Participant: 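Have a look at the structure that comes next, please.
When reading the values below, keep in mind they use all heavy atoms of this one structure, side chains included, and skip hydrogens, waters and symmetry mates. Just so we're clear, the structure is a prediction, and the values are computed from it rather than from any experiment. Residues take their numbers from the sequence shown, with the count starting at 1.
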Amino acid sequence: MKAIVVGAGIVGSSVAYRLAQAGASVTLIEERRVGGGTSGVSFAWVNACEKLTSKPYYDLNFAGREAHAQILEEFSDANWYHRPGVIQWQGAQPEAGGTDGSDPFQKLKLLQEWGYPAESLSHDDLRKLEPELNPDVVGNASVIFYPNDGWCDAVVYAGSVIGGAIERYGLTLVTGKVVGLQVHRGRCEGVTLHDGTTHQADIVVNCSGRWSNDVAEKSAYQIPLAPTVGLIAYTQAAGVKLKRALRTPLVNMRPDGGGRFMLRSNELDKLVAAESNAVPLHPQAQDLLRRAKQVLPVLGPIEVEAVRIAIRPVPRDSYSAVGPVPDLSGYYVVVTHSGVTLGPFLGQAVTDEIVHGTKRPELSEFRPSRFFN
Ligand SMILES: Cc1cc2nc3c(=O)[nH]c(=O)nc-3n(C[C@H](O)[C@H](O)[C@H](O)COP(=O)(O)OP(=O)(O)OC[C@H]3O[C@@H](n4cnc5c(N)ncnc54)[C@H](O)[C@@H]3O)c2cc1C
């Protein structure tokens with residue numbers, strides 16, 4: 001089987017890796033650079049605990065967590081997955097497709113019923129885990145600890161699995177912009193690139209995230225999207241001890257390597273203009289820094305060093321869209337929020353469907369067909 005995968009973010013790299021491993025002859029086409037889309041601007045918390053609005057969506061994300069552990073076993077030198085735990089306290093804003101987190105008791109109870117590693121953390125234990133946290137910002141809030149949660153360096157992941165697929169399974173990586181599908185009599189037979197060259201395949205898998213409708217070109221093949229803007233501020237390197245990720249009403253923050261911290265907030269994201277300049281003096285970046293210093297006063301003189309802004313690839317109803325579109329054979333689309341959590345799972349599930357013809361039940365609620373009459 002010849003397969004084309006469009007987009008080398010965390011989703012496309014996972015799909016390309018698994019397809020190539022299953023014996024397909026895979027060409028991965030990337031316009032910019034590996035991980036150069038939304039995957040490079042992500043908080044990248046691998047979790048299912050923020051996905052409580054629907055059990056199938058929770059299960060899908062839980063499978064995502066498990067699949068991260070599986071793919072790690074295939075790379076003895078893997079350095080992209082960090083699991084020091086995540087600490088959350090009351091009042092955090094919801095993620096797209098997530099819970100509002102407003103009732104920590106209910107949330108913890110539900111998560112424990114569903115088998116998620118989550119526990120209540122006393123304020124004493126919180127102080128022991130993260131002694132530099134300002135206790136005043138926690139107040140008397142209930143604290144939840146996810147001891148096995150963490151984050152994935154999505155660009156490192158994508159580069160590693162693509163490298164692995166090239167070395168082990170002969171994947172071809174092409175730099176170029178796909179400008180359209182080649183469709184004949186209801187069948188997708190390949191893609192056309194910006195320079196007029198064409199690539200033929202038995203199956204085209206569109207993993208181009210927020211740009212997926214540009215690739216699909218024709219409205220009949222497009223997934224309605226409701227993208228949202230996200231801003232991440234990166235601090236200067238700071239000699240402070242915070243080890244775990246924090247999800248708090250003020251700011252979400254976590255270490256980002258080399259002493260830097262990554263800062264973001266759903267509340268502030270709503271104020272960010274997509275076309276605004278991603279510079280350290282960006283007003284929402286400065287607000288994030290101010291909030292981070294409230295949470296961690298030891299940040300003291302630390303400034304914002306860099307800012308990145310990205311658009312989340314979110315289907316209109318906020319849930320993943322994974323599968324063929326009606327009336328077009330040879331074409332398969334994967335567009336989703338939570339792609340860092342889901343990437344490794346989707347790689348395997350999409351391969352099972354395309355190469356082995358096995359319909360994965362985890363995807364049954366998330367078919368693109370729901371958007372088409
Ligand atoms: C601020 C923020 C915080 C987030 N936090 C989390 C989180 O905590 N946990 C989580 O799981 N998810 C999180 N997400 C969501 C997650 O980052 C995305 O769902 C995920 O990165 C999407 O990956 P992708 O591979 O589908 O898309 P992308 O990473 O955007 O990859 C698509 C690729 O396609 C390429 N491309 C586009 N058009 C073309 C074309 N015409 N031809 C060739 N190539 C093309 C692009 O260059 C890009 O490299 C967050 C997102 C943001 C913005």
Participant: Using distance alone, with no hydrogens and no angle criterion, decide if R290 and Q286 have a side-chain donor and acceptor under 3.5 Å apart.
Facilitator: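 Note: R290 and Q286 side chains miss the donor-acceptor criterion.
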Participant: We want to know whether Q200 and Q182 form a side-chain donor-acceptor pair, criterion being a heavy-atom distance below 3.5 angstrom.
Facilitator: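 Yes - a donor-acceptor pair under 3.5 Å links their side chains.
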Participant: Decide if atom NZ of K243 counts as having more than 12 heavy atoms of other residues, nucleotides or ligands within a radius under 6.0 Å.
Facilitator: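 Counting neighbours around NZ of K243, 12 or fewer heavy atoms of other residues, nucleotides or ligands fall under 6.0 Å, so no.
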Participant: Look at the side chain of T197 and the backbone N and O of L193, then say whether any donor-acceptor pair between them is shorter than 3.5 Å.
Facilitator: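 No; judged by distance alone, with no hydrogens or angles, the pair does not exist.
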Participant: To the closest 0.5 Å, what do you measure between CG (D256) and CE (M253)?
Facilitator: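 One finds 11.5 Å between CG of D256 and CE of M253.
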Participant: For the residue pair Y146 and Y116, categorise the inter-ring angle as parallel (less than 30°), tilted (30 to 60°) or perpendicular (more than 60°).
Facilitator: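 Ring orientation of Y146 relative to Y116: perpendicular.
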Participant: Show, in sequence, the C-alpha distance, side-chain angles and deciding distance for E189 and R187, and conclude whether the salt bridge (Lys or Arg N to Asp or Glu O under 4.0 Å) test is met.
Facilitator: CA-CA 6 Å; E189 296 179 345; R187 175 159 191 86; 5.3 Å; no
Participant: Quick one about N140 and H123 (side-chain donor to acceptor, distance below 3.5 Å, no hydrogens or angles considered), yes or no?
Facilitator: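 Not at all, the side chains of H123 and N140 share no donor-acceptor pair under 3.5 Å.
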Participant: Under a 4.0 Å threshold between the charged nitrogen and the carboxylate oxygen, would K51 count as salt-bridged to D59?
Facilitator: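 Answer for the salt bridge query: no.
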Participant: How long is the span from the OG atom in S338 to the CH2 atom in W45, to the nearest 0.5 Å?
Facilitator: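 Going from OG on S338 over to CH2 on W45, the span is 10.5 Å.
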Participant: Taking F261's backbone N and O only, do any of them form a donor-acceptor pair with T235's side chain (distance below 3.5 Å, no angle check)?
Facilitator: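 Yes; judged by distance alone, with no hydrogens or angles, the pair exists.
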Participant: Just checking, any donor-acceptor pair under 3.5 angstrom between side chains of Y319 and T336?
Facilitator: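 Note: Y319 and T336 side chains miss the donor-acceptor criterion.
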Participant: Salt bridge or not between R291 and E267? Use side-chain N to carboxylate O under 4.0 Å.
Facilitator: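 Salt bridge between R291 and E267, a charged N being under 4.0 Å from a carboxylate O: yes.
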Participant: Where do Q88 and E50 land on the side-chain hydrogen bond (donor to acceptor under 3.5 Å, both in side chains) test, with the steps shown first?
Facilitator: CA-CA 11 Å; Q88 177 172 44; E50 296 292 283; 3.2 Å; yes
Participant: Should the ring pair F75 and W80 be called parallel, tilted or perpendicular, given that the plane angle runs from 0 to 90° and is split at 30 and 60?
Facilitator: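 Ring orientation, 0 to 90° scale: perpendicular.
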Participant: Is the backbone of C49 close enough, under 3.5 Å, to the side chain of N47 for a donor and an acceptor to pair up by distance?
Facilitator: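 Indeed, once roles are kept as given, a pair shorter than 3.5 Å links the two residues.
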Participant: Set out, in order, the CA-CA distance, both residues' side-chain angles and the distance that settles salt bridge (Lys or Arg N to Asp or Glu O under 4.0 Å) for K128 and D124, then state yes or no.
Facilitator: CA-CA 6 Å; K128 282 181 204 146; D124 274 353; 5.8 Å; no
Participant: Between N213 (side chain only) and I223 (backbone N and O only), is there a donor and an acceptor less than 3.5 Å apart?
Facilitator: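 Answer holds: yes.
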Participant: H199 side chain to G190 main-chain N or O, any donor-acceptor pair under 3.5 Å?
Facilitator: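 Not a single qualifying donor-acceptor pair exists.
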Participant: Judged by atom type as modelled, is there a donor-acceptor pair below 3.5 Å linking the side chain of D269 to the main-chain atoms of L231?
Facilitator: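 Present.
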Participant: Do we see a donor-acceptor contact under 3.5 Å between the side chains of T351 and Y17?
Facilitator: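 Result is no, nothing qualifies.
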Participant: Cation-pi between R316 and F371: NZ/CZ under 6.0 Å from ring centre and within 45° of the ring axis?
Facilitator: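 Not flagged: R316 not positioned over aromatic ring of F371.
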Participant: Test side-chain hydrogen bond (donor to acceptor under 3.5 Å, both in side chains) on E365 and Y57 and set out the steps.
Facilitator: CA-CA 8 Å; E365 298 274 325; Y57 193 52; over 6 Å; no
Participant: Any sub-3.5 Å donor-acceptor pair from E30's side-chain atoms to R32's backbone N or O?
Facilitator: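 Yes; judged by distance alone, with no hydrogens or angles, the pair exists.
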Participant: To the nearest 0.5 Å, what is the distance between CD (E73) and CD1 (I71)?
Facilitator: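 E73 CD to I71 CD1: 11.0 Å, rounded to 0.5 Å.
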Participant: Give a yes or no answer on whether the side chain of R244 reaches the backbone of P84 with a donor-acceptor pair at less than 3.5 Å.
Facilitator: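 Yes, because the side chain of R244 sits within donor-acceptor range (under 3.5 Å) of the backbone of P84.
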Participant: Taking S39 for its side chain and I10 for its backbone only, find out whether a donor-acceptor pair lies under 3.5 Å.
Facilitator: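 It does hold such a pair.
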Participant: Testing the 3.5 Å rule here: is there a donor-acceptor pair between the side chains of Q21 and R18?
Facilitator: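 Present: a donor and an acceptor within the cut-off.
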Participant: Just by distance, do the side chain of E353 and the backbone of R360 share a donor-acceptor pair under 3.5 Å?
Facilitator: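 Confirmed, E353 side chain pairs with R360 backbone.
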Participant: So how far is it from I354 CD1 to T358 OG1, rounded to the nearest 0.5 Å?
Facilitator: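 The CD1 atom of I354 sits 11.5 Å away from the OG1 atom of T358.
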Participant: Can you tell me how far the CG atom of N134 sits from the CG atom of L296, to the nearest 0.5 Å?
Facilitator: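 One gets 9.0 Å once the value is rounded to the nearest 0.5 Å.
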Participant: Distance from D202 atom CG to S329 atom OG, nearest 0.5 Å?
Facilitator: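 Answer rounded to 0.5 Å: 10.5 Å.
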Participant: Check whether the side chains of N206 and S208 place a donor and an acceptor atom closer than 3.5 Å, and report yes or no.
Facilitator: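 Note: N206 and S208 side chains meet the donor-acceptor criterion.
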Participant: Side chains of H282 and S276: is there a donor and an acceptor less than 3.5 Å apart?
Facilitator: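 There is such a pair (donor and acceptor under 3.5 Å, judged by atom type) between the side chains of H282 and S276.
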Participant: Output yes when D352 and K359 qualify as a salt bridge under the 4.0 Å nitrogen-oxygen rule, no when they do not.
Facilitator: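 Salt bridge flag = no for K359 with D352.
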